[in-house]
Peer 1: 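Have a look at this one.
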Amino acid sequence: DTDGTPSSFTGPSDDITAAQTGTAGYYMYIETSSPQSRGDKAQMLTPLLQPTAERCLTFYYHMYGTSVGTLNVYKIARGQQTQLWSQNGAQGNQWNYAEVDYDSKDQYQIVFEAVVSGSYGDIGLDHIIMKNGQCTGSTARCGS
C-alpha cells in the first residue's frame, strides 16, 4: 500500500522509507477491523530456502489500533514449526524495528503470521531482510 490503511486511527499512513526519507514506497498490512473476525489469520511465506548457518532476519512492523492482535514469525523445517518472534497488542503509531537470529540444518521457510484479536486495528510489515551472520542487537522506532 502507498496511501495508508482505510480505517482511521489504525495502521501506518506511509511505509518505513517515507518515514525515513520522505519518498513513499510500499508495505504489506492486514486490516484487523471488520469484516475480519477474532482468530482470522493472514500469513506470508518465503519460498523454500536452503540450509543455513547463522542468519539474521530484520523487519519493521507497525501495530496500531484499539484491538490489534498478534504478529508471529515462524521457521518451518521438515514440517516442524518453530516460533522465532512474537508481538501482541498495539505498539504505538510508529514503525518498530525487530531482528531475529536463526539457523537451519534443513531446507526451511520463514512465515509471518498476523492474528486478529479484536475489532479495530492494523498490522503492517515493511523492509524485510535476511542476511548472513548474527544480528547486531540494535532497536529503532520511527514515526508512522
Side-chain angles (χ1 to χ4, degrees), residues 1-21 23-49 52-104 106-144:
D1 188 39
T2 58
D3 296 324
T5 62
S7 49
S8 301
F9 306 108
T10 66
S13 55
D14 288 308
D15 72 316
I16 188 63
T17 305
Q20 293 175 337
T21 68
T23 303
Y26 295 91
Y27 62 91
M28 298 164 283
Y29 76 95
I30 178 175
E31 180 82 31
T32 64
S33 309
S34 181
Q36 307 297 345
S37 300
R38 182 181 298 273
D40 284 355
K41 296 177 182 179
Q43 292 185 329
M44 183 183 71
L45 290 78
T46 66
L48 192 60
L49 301 170
T52 184
E54 293 178 339
R55 294 281 288 185
C56 178
L57 169 67
T58 66
F59 58 95
Y60 285 86
Y61 64 97
H62 194 290
M63 300 172 71
Y64 185 57
T66 57
S67 52
V68 175
T70 304
L71 178 61
N72 298 309
V73 179
Y74 300 104
K75 179 184 76 173
I76 299 176
R78 296 180 58 161
Q80 185 172 10
Q81 181 172 287
T82 304
Q83 187 174 57
L84 300 176
W85 183 91
S86 185
Q87 187 65 263
N88 185 51
Q91 301 299 310
N93 189 17
Q94 75 250 340
W95 286 102
N96 299 291
Y97 178 76
E99 50 184 37
V100 180
D101 289 308
Y102 72 94
D103 62 21
S104 185
D106 301 297
Q107 289 185 322
Y108 68 100
Q109 289 180 287
I110 298 294
V111 179
F112 289 86
E113 176 187 72
V115 183
V116 176
S117 70
S119 60
Y120 203 70
D122 297 316
I123 299 174
L125 279 172
D126 200 8
H127 207 70
I128 300 167
I129 298 173
M130 291 181 214
K131 54 189 175 184
N132 293 327
Q134 288 186 324
C135 298
T136 62
S138 66
T139 58
R141 291 181 181 265
C142 296
S144 66

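Heavy-atom basis, side chains included; hydrogens, waters and symmetry copies ignored. It should be emphasised that the depicted structure is a prediction, and the values quoted were computed from it without experimental measurement.
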Peer 1: Considering non-hydrogen atoms only, spot the tightest contact between Gln81 and Ile76 and give its length.
Peer 2: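 Smallest interatomic distance, heavy atoms only, reads OE1-CD1, 3.9 Å.
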Peer 1: So, do Asn93 and His62 sit near enough that their side-chain heavy atoms are less than 4.5 Å apart?
Peer 2: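 Yes, at least one pair of side-chain atoms sits under 4.5 Å.
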Peer 1: Verify the distance criterion only: is there a donor paired with an acceptor across the side chains of Asn132 and Glu54 at less than 3.5 Å?
Peer 2: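 Judged by distance alone, the side chains do not pair up.
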Peer 1: With sequence neighbours left out, write down each residue that passes side chain to side chain donor-acceptor pair (under 3.5 Å) with Thr52, or none if nothing qualifies.
Peer 2: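 In terms of side chain to side chain donor-acceptor pair (under 3.5 Å), with neighbours along the sequence ignored, Thr52 is linked to no residue.
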Peer 1: If you compare all heavy atoms of Asn88 against all heavy atoms of Thr70, which two are closest, and at what distance to 0.1 Å?
Peer 2: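 Closest heavy-atom pair between Asn88 and Thr70: OD1-OG1, 2.6 Å.
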Peer 1: At their closest point, which heavy atom of Val68 faces which heavy atom of Asp122, and how far apart are they?
Peer 2: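 It is CG1-O, 3.7 Å.
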Peer 1: With heavy-atom distances below 4.5 Å as the criterion, would you say the side chains of Leu84 and Ile110 are in contact?
Peer 2: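 Answer yes - side chains close enough.
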Peer 1: Got a sec, which residues hit side-chain contact (heavy atoms from CB on, under 4.5 Å) with Asp40, two or more places apart in sequence or on another chain?
Peer 2: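 Counting only residues at least two positions away or on another chain, Asp40 forms a side-chain contact (heavy atoms from CB on, under 4.5 Å) with Gln36, Ser37, Val116.
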Peer 1: Give, for atom OH of Tyr61 and atom CD of Gln94, the distance between the pair rounded to the nearest 0.5 Å.
Peer 2: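 So the OH of Tyr61 and the CD of Gln94 are separated by 8.5 Å.
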Peer 1: Among Glu113, Gln43, Gln109, find the one that has a side-chain hydrogen bond (donor to acceptor under 3.5 Å, both in side chains) with Tyr74.
Peer 2: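 Per the side-chain hydrogen bond (donor to acceptor under 3.5 Å, both in side chains) rule, the option paired with Tyr74 is Glu113, out of Glu113, Gln43, Gln109.
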Peer 1: Minimum heavy-atom separation for Asn72 and Ser86, please, with both atom names.
Peer 2: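 Closest approach of Asn72 to Ser86, heavy atoms only: OD1-OG, 2.7 Å.
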Peer 1: Out of curiosity, Tyr29 OH to Ile123 CD1, how far, rounded to the nearest 0.5 Å?
Peer 2: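 Reported to 0.5 Å precision, the distance equals 13.0 Å.
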Peer 1: Is any side-chain heavy atom of Trp95 less than 4.5 Å from a side-chain heavy atom of Asp126?
Peer 2: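 Trp95 vs Asp126: side chains touch.
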Peer 1: Whether the side chain of Lys75 engages the backbone of Gln80 through a donor-acceptor N/O pair (distance < 3.5 Å, no angle test) should be reported.
Peer 2: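 No: the side chain of Lys75 does not pair with the backbone of Gln80.
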Peer 1: If you compare all heavy atoms of Ala77 against all heavy atoms of Asp106, which two are closest, and at what distance to 0.1 Å?
Peer 2: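 For Ala77 versus Asp106, the nearest heavy atoms are CB-CB, 4.4 Å.
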Peer 1: If we only count heavy atoms from C-beta on, is the Met44 to Val111 side-chain gap below 4.5 Å?
Peer 2: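 No, side chains not in contact.
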Peer 1: Ser117: what forms a side-chain contact (heavy atoms from CB on, under 4.5 Å) with it, not counting sequence neighbours?
Peer 2: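 For Ser117, the residues satisfying side-chain contact (heavy atoms from CB on, under 4.5 Å) (neighbours in sequence not counted) are Arg38.
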Peer 1: With no hydrogens and no angle check, just 3.5 Å: does a side-chain donor-acceptor pair link Tyr64 and Gln91?
Peer 2: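 The criterion, which ignores hydrogens and geometry beyond distance, is not satisfied for Gln91 and Tyr64.
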Peer 1: Go through the structure and list residues passing side-chain contact (heavy atoms from CB on, under 4.5 Å) with Leu49, not counting sequence neighbours.
Peer 2: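 side-chain contact (heavy atoms from CB on, under 4.5 Å) check on Leu49 returns Thr46, Tyr108, Met130.
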Peer 1: Using the ring pair (Phe, Tyr, Trp, His ring centres under 6.0 Å) criterion, which residues pair with Phe59? Sequence neighbours excluded.
Peer 2: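 By the ring pair (Phe, Tyr, Trp, His ring centres under 6.0 Å) rule, Phe59 matches Trp85, Phe112.
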Peer 1: Kindly write out the residues that satisfy side-chain contact (heavy atoms from CB on, under 4.5 Å) with Thr58, not counting sequence neighbours, or none if the list is empty.
Peer 2: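 So Thr58 forms a side-chain contact (heavy atoms from CB on, under 4.5 Å) with Cys56, Tyr97, Glu99, Ile129, Lys131.
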